[in-house]
Amino acid sequence: MPTRERALALRAEIEEHNHRYYVLDAPLLSDAEYDCLFRELQALEAAHPELVSADSPTQRVGAAPLPEFAAVVHATPMLSLNNAFDDAEVTAFDRRVGEGLAIHGDLDYSAEPKFDGLAVSLTYQNGILLRGATRGDGATGEDVTANLRTLRSIPLHLQGSGWPTLLEVRGEVLLWRSDFERLNSQQREKGEKAFVNPRNAAAGSLRQLDPRITATRPLRFFAYGIGLAAGTSLPATHSALLDRLAEWGFPVAPERRRVKGLAGLLGYYAHIGGQRALLPYDIDGVVYKLDDLAAQEHLGFASRAPRFAIAHKFPAEEALTELLGISIQVGRTGALTPVARLVPVFVGGVTVSNATLHNEEEVRRKDLRIGDTVVVRRAGDVIPEIVRVQWEKRPTGAPEFNMPTSCPVCASKVVRNTDEAVARCSGGIYCPAQRKQALLHFASRRAMDIEGLGEKLVEQLVDSDIVRTPADLYRLGLLALANLERMADKSASNLLSAIEQSKQTTLARFIYALGIRNVGETTARDLARHFGNLDRLLAADEADLLRVPDVGPIVARSIRQFSGEPHNLEVIEQLRAAGVVWRDVEVLASTASNNTGKVFVLTGALPTLTREAATQMIEAAGGKVSSSVSKKTDFVVAGAEAGSKLEKARSLGVTVIDEAQLLGLLSVAQPVQ
DNA sequence: TTACCTCGAGCTCA
DNA sequence: CTCGAGGTAA
C-alpha cells in the first residue's frame, strides 16, 4: 500500500478506536494493540513530514507552548443557566414555560446531568476543529485550541455527514473521578502537588501554556448543545440535536432522557440523584431544557439566562465545624463586616476556613457564639455559608455577639443609620483600614491601573506611614521604598514607573478611582460624559447631579458629600499638581444628544461589526445597549439570523434597523474619546 | 471564597 | 526556592 494511503488508513483506524474508547466507552482493541497502530503512524509521519496534518491523531500529544492565550469573542454569548434548588422552583419553571407558550398539558423536556467541569466552545469549519475556547465572562473567553486538541474525546474532524459548514459545539471539560485519582497518585509519585478536586484539576490542566502537559492529563469532553450552526438545517428538538452531535462524533451524556411534564422532570431528578455516586464523574445537579427548539426560540432569554432551560441543583454538601471566632473587616467605605473564623473543614470540594456573616443582624438571627459547632455549606457553588448552629453542643456561658462600638482598627466611633443594616467606622481617612482599601481601589486595574501595587505592599506603605493618601503615591522615591520587604531595586523601580505611567488616565477612570460611595465604573463614565471635566462635577449641586442619566438622589447625595469635604478637594489638587492628567471629554454636542439615552438592542450577527464594537460605538454616542427588547427599547439592530428579539420588536412596534442604518444614526455623533 | 496557573523578582544557600 | 501580584474559574 502506498505510504500516503497507509497513513490515511491508520488515521481513520486510530480515530475510530479513539471514538470507541473515549466516546462510546466500548473499545475493541487492547491498549497494546492501539499503541502499535499509533506508533506505526508516528513512524510514518516522522519519515514523511509532508503527510502530517493538523487533524492527525498524533497531533494530540500537544503542540509547542504558547506565550499566552489569545482572547476569543464568542459569536453568541455563552450564558449561564438559572438555578432551581427545590421542587417548587422547578414547578414554577414548568408553569412559566407552559404559560409562555400558551400550552396546556405536559411539555416535552430533554433532561441531562449537569457536569461539574468547565464550559468550553468548539468551532468547526467544514468539519475541521478550528478553535476551542473557554467560556470566560460569557462574551469573551480564551483561546485554548492547542490544549483542547489533546483531548481524545474531542473529534478533530467531524464524522458522518450533514454537518453545518460552520458549527459551534458547547460542552463541558471534566475529569472522571478514577482518572483524577490516578492523576493525583502520579503527581505524588513525581513529588508534585496533588489537586484538591477533579474540577480544579481539569481547570488547571486546561490553563497550561504548554499543551504537552495538557496532553498528559486525562481530560474528557461532553457536548451539551450548540452555539451556532450555519449552512444546514438542524433537528427540531434538543434531544435529536444531541443524537446528531453523537453521530458527528461527540460524546454526549448517556444518561440523557426525554421526559414529559413536571412529573417527568422530578422523576429524572430523583433517578439521577440515586445514581450520582455510581456515575464516573462529578455532577452538581441536572439540567432541563424544553425539547422543541422553535419553542425555545419563542421563549427567548431573560436578562442573563434562557427562559427555556433551568439547572436543578442537588442540595449543597454540608459539614460540621467549630466557630473559632468572629473577626471584623473594615471596608473601603468603613463598612464593618463580621467574618466567621472556622476550624478548616473540607466541604463541597474545597477547604473552608472563613465565611462572611454580612452584618450584625445576620449573626443575631443565627445566634452564633464563639465555640459553637456549626453547619457549613457552599451556597450557590461558591460562597461559604453558616447554615445553623448545633445548639446542643454549645459551650456553657458563651456570650452573645455584639458589633463593636468602636472601630477595631482605628478606635473611631462606629455608627449605624437606623434604616441600614451595615455599621460603619466613622474614622474615614483617619482609619488605616479604610486608607488601605481606598489605595487598593485607586490603584486597581479598572481605576488608575498601577501594576504591582498589591495588598501586601499597601499594607507596608500605610503601616509605615509612608503613604496616607493616593497623592502620596506620586511623591514616592527609591529612598522611601528602600526598607520595605520584598522591595529591592528592581521591584522599586518597576513600581515607580507603573505609578508614573498611571498619570496618563481618563476622566472616567479618575472619577471611579476616587472611590466615591455609590459611584462605580458605570456611573463614573456617565458623570465624565455628562460634565466633561472634573471641576464642573465637583461644583455641581444636587439638582445638577440629578440631571445625569441614571443618577438618583442617593448617588447625588454621595457625590455632594464627597465634594463638600475639603480634604478630598485637597487630595485631588495634589494629584493634579503631581501630574495626573486626562483629556477632558467634550460634553456631547446637541446633535449628538439625538442618541443620548436611547436604548438599543442588538440581535443576530451584524455584517461587519462585532457585538462589542457596535456596543462601544453606541455607548460612545451616548446610547445604551440592553440585552432584551421591551417597550423602552428605541431601536432593535437586527443582523443575520436574528431570532426572538426581532419578533418581539415587531410585536411591540419597536423600530428595527440594520447595521448601515445604525452607522448612519451614530455618524452624527462621532465618539469623543 | 478557594484553587489553580504564570510571571518576575527577592531571598537563601552553595 | 518562595513570595506577591495578577489572572481565571466555579
Side-chain angles (χ1 to χ4, degrees), chain A residues 65-72 78 80-81 83 114-120 133-144 147 172-175 180 183-184 187 191-211 213-214 217 219 282-285 311 313 316-317 329 337 339-342 344-358 376-386 440 443-446 449-461 481-495 497-498:
Chain A
L66 276 63
E68 60 176 356
F69 297 123
V72 171
M78 293 182 78
S80 46
L81 295 177
N83 291 321
K114 185 175 193 304
F115 306 105
D116 192 10
L118 318 64
V120 298
T134 61
R135 198 185 89 98
D137 62 3
T140 309
E142 285 181 319
D143 188 334
V144 286
N147 287 340
E172 198 91 349
V173 168
L174 48 94
L175 275 175
F180 167 73
L183 173 63
N184 263 355
Q187 290 284 108
E192 288 176 39
K193 247 184 70 193
F195 297 98
V196 296
N197 63 46
R199 207 204 67 76
N200 279 329
S205 301
L206 208 57
R207 290 195 49 71
Q208 296 284 341
L209 286 176
D210 187 346
I213 299 176
T214 311
R217 308 278 171 84
L219 298 172
D282 285 342
I283 59 174
D284 55 3
K313 304 293 270 300
E317 187 199 332
Q329 267 177 6
T337 312
V339 178
R341 305 294 173 190
L342 304 163
V345 59
F346 194 74
V347 54
V350 302
T351 304
V352 169
S353 37
N354 303 307
T356 171
L357 298 168
H358 304 107
V376 174
R377 72 168 171 217
R378 293 213 298 151
D381 283 347
V382 180
I383 315 291
E385 175 187 50
I386 292 186
L440 279 171
S444 67
R445 196 162 60 90
R446 317 195 76 105
D449 194 18
I450 303 177
E451 213 184 298
L453 189 58
E455 211 173 304
K456 300 280 171 179
L457 191 49
V458 165
E459 187 97 347
Q460 292 187 67
L461 290 170
L481 298 173
N483 290 320
L484 303 179
E485 289 163 41
R486 296 222 138 240
M487 184 49 64
D489 298 359
K490 187 69 182 163
S491 297
S493 65
N494 283 351
L495 177 66
S497 78

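Values in this document were obtained by computation on a predicted structure and should not be read as measured data.
Of the side-chain N and O atoms in A/S491, none sit less than 4.0 angstrom from OP1 or OP2 of C/dG4. Between A/T134 and C/dT8 there is no side-chain N or O to OP1 or OP2 distance below 4.0 Å. A sub-4.0 Å separation between OP1 or OP2 of B/dC4 and a side-chain N or O of A/R199 is absent. Of the side-chain N and O atoms in A/N494, none sit less than 4.0 angstrom from OP1 or OP2 of B/dG8.
If you check every strand for non-hydrogen atoms under 4.0 Å, A/D284 touches nothing. Here A/R378 lies out of heavy-atom contact (under 4.0 Å) with every strand. Residue contacts for A/G349: at a heavy-atom cut-off of 4.0 Å it reaches no nucleic acid atom on any strand shown. If you check every strand for non-hydrogen atoms under 4.0 Å, A/V196 touches sugar and phosphate atoms only. Counting non-hydrogen atoms under 4.0 angstrom, A/A119 reaches the backbone sugars and phosphates but no base.
Checked against B/dC4, C/dA10, B/dG10, the side chain of A/K490 finds its nearest nucleotide in B/dG10. Of all nucleotides listed (B/dT1, B/dA3, B/dT6), B/dT6 comes nearest to the side chain of A/Q208. If you check B/dA3, B/dT1, B/dG10 against the side chain of A/R486, the one that comes closest is B/dG10. The side chain of A/E455 sits closest to C/dA5 out of B/dA3, C/dA5, B/dC11. Taking the side chain of A/N354 as heavy atoms from C-beta on, and the options B/dA3, B/dA9, B/dT2, the nearest nucleotide is B/dT2.
Following rounding to the nearest Å, A/I383 (CD1) and B/dT1 (P) show an atom-to-atom distance of 6 Å. Rounded to a whole Å, the NZ atom of A/K456 is 15 Å from the C1' atom of B/dG10. When rounded to the nearest whole Å, the span between CZ of A/R445 and C1' of C/dT8 equals 11 Å. Between the CG atom of A/L206 and the P atom of C/dA10 there is a distance of 10 Å, given to the nearest Å. Taking atom CZ of residue A/R341 and atom P of nucleotide B/dT1, one finds them 9 Å apart after rounding to whole Å. Residue A/R207 contributes atom CZ, which lies 8 Å from atom P of B/dT6 at whole-angstrom precision. Summarising the geometry, the separation between CZ on A/F195 and C1' on B/dA3 is reported as 10 Å, rounded to the nearest angstrom. Between the CD atom of A/E451 and the C1' atom of B/dA9 there is a distance of 13 Å, given to the nearest Å.
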### Message
Using the rule given for side chain to side chain contact (heavy atoms under 4.5 Å, CB included), can you reason through A/L174 versus A/D116, listing the C-alpha separation, both sets of side-chain angles and the distance that settles it, and then say yes or no?
### Response
CA-CA 7 Å; A/L174 48 94; A/D116 192 10; over 6 Å; no

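Comment: A/R207 engages A/E142 in a salt bridge, judged by a side-chain N to carboxylate O separation of less than 4.0 angstrom.
For the pair A/L457 and A/L495, the minimum side-chain heavy-atom distance is below 4.5 Å. In this structure, the side chains of A/M487 and A/Q460 stay at 4.5 Å or more apart for every pair of heavy atoms.
Each of A/S353 and A/D210 was matched to the nucleotide of DNA chain B holding its nearest heavy atom; the match closer to the 5' end belongs to A/S353. Heavy-atom distances to DNA chain B give each of A/V352 and A/A488 a nearest nucleotide, and the one nearer the 5′ end belongs to A/V352.
Not one N or O on the side chain of A/D143 forms a donor-acceptor pair closer than 3.5 Å with the backbone of A/V72.
A distance of 15.0 Å separates CZ of A/R199 from CZ of A/F115, quoted to the nearest 0.5 Å.
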